[in-house]
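Some notes on the structure that comes next.
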Amino acid sequence: MTEQTNFKHMQLATLHESLSEKTHVVVDIRDAASFQANHIPGAIHLSNENFADFIREADLDAPVVVCCYHGISSQQAAGFLISQDFTEVYSLDGGFTDWQLRFPQDVEH
C-alpha cells in the first residue's frame, strides 16, 4: 500500500452525493460569522481556537473534506492536515460560494 503524501480535490457533486451517507467529515474554515450564517449540512467549523482539539479528537483515517470560500485557502489547510497524519484529505473545489449557487436547498442556517 502506498502512502498518500498530498491532499486530493473533490468536486461539489461528489460531496453532494455522499452527504446523506455521512462518509466524510466536512470542515469549514471560513470565518465564524459566515459559518454561522450558512454552511454545508453537518459541517464542522474549524478555527484557530478549536483546531488543536479537532486534530486530537479526530479519526485520522476518516475522509476529511476542507471547505473555504472559493476552494483556494482549503488547499493549504488540506495540505496541513496531511502533514498532521490525516490519511485522506480533500479540498472542495469551488468552495462554499459555488456550493451555495449549485445546491441552495442544501445549506444549513
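Predicted, not measured: the structure shown is a model, and the values here were computed from it. FYI, side chains are in, hydrogens and waters are out, and symmetry mates aren't considered; it's all heavy atoms of this structure.
Between Ser73 and Ile29, some side-chain heavy-atom pair lies under the 4.5 Å cut-off. Using a 4.5 Å heavy-atom threshold, the side chains of Ile44 and Val26 count as separate. At least one side-chain heavy atom of Thr14 sits under 4.5 Å from a side-chain heavy atom of Met10. Side-chain contact between Ile55 and Phe86: present, with at least one pair of heavy atoms (C-beta onward) separated by less than 4.5 Å. Taking 4.5 Å as the limit, some side-chain heavy atom of Arg30 sits within range of a side-chain heavy atom of Asn38. Side-chain atoms of Val25 and Pro63, non-hydrogen and from C-beta on, never get closer than 4.5 Å to each other.
To the nearest 0.5 Å, atom NE2 of residue His9 and atom CG of residue Asp93 are 5.5 Å apart. Note: Glu88 CD to Thr23 OG1 = 9.0 Å, rounded to the nearest 0.5 Å. Rounding to the nearest 0.5 Å places CD1 of Ile72 at 8.0 Å from OG of Ser91. Interatomic distance, CD1 of Ile82 versus OG1 of Thr87, reported as 7.0 Å (0.5 Å rounding). To the nearest 0.5 angstrom, Asn6 atom CG is 10.5 Å from Ser83 atom OG.
The shortest non-hydrogen separation linking Pro104 to Leu101 is CD-O, 3.6 Å. Scanning all heavy atoms of the two residues, the minimum distance from Cys67 to Gly95 falls at SG-C, 4.3 Å. Contact between Gly71 and Cys68 at its shortest, heavy atoms only, is N-SG, 3.1 Å.
Side-chain atoms of His45 and Asp28 include no donor-acceptor pair closer than 3.5 Å. Using a 3.5 Å distance cut-off with no hydrogens or angles, the side chains of Tyr69 and Ser34 do pair a donor with an acceptor.
Taken together through direct or relayed side-chain contacts under 4.5 Å among Ile, Leu, Val, Met, Phe, Trp and Tyr, Val66 and Leu60 form part of one hydrophobic cluster. Cluster annotation: Leu12 is connected to Val65 through the hydrophobic network of ILVMFWY side chains, with a link wherever side-chain heavy atoms come within less than 4.5 Å. Residues Val64 and Tyr90 do not share a hydrophobic cluster, clusters being chains of Ile/Leu/Val/Met/Phe/Trp/Tyr side chains in contact below 4.5 Å.
Looking at Asp53, its side chain never comes within 3.5 Å of a backbone N or O of Asn50 through a donor-acceptor pair.
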Given Phe96 and Ile40, is the side-chain contact (heavy atoms from CB on, under 4.5 Å) satisfied, shown in steps? CA-CA 7 Å; Phe96 185 77; Ile40 294 172; 3.9 Å; yes
Step by step, work out the side-chain contact (heavy atoms from CB on, under 4.5 Å) result for Phe51 and Leu81. CA-CA 10 Å; Phe51 194 75; Leu81 288 175; 3.7 Å; yes
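Annotation for Glu108: atom CD counts as buried by contact number, over 12 foreign heavy atoms lying within 6.0 Å. Within 6.0 Å of atom CD in Gln36, 12 or fewer heavy atoms from other residues, nucleotides or ligands are found, so the atom counts as exposed in its surroundings.
The aromatic ring centres of Phe80 and Phe7 sit 6.0 Å or more apart.
Aromatic ring orientation, Trp99 versus His16: tilted (interplanar angle from 30° to 60°).
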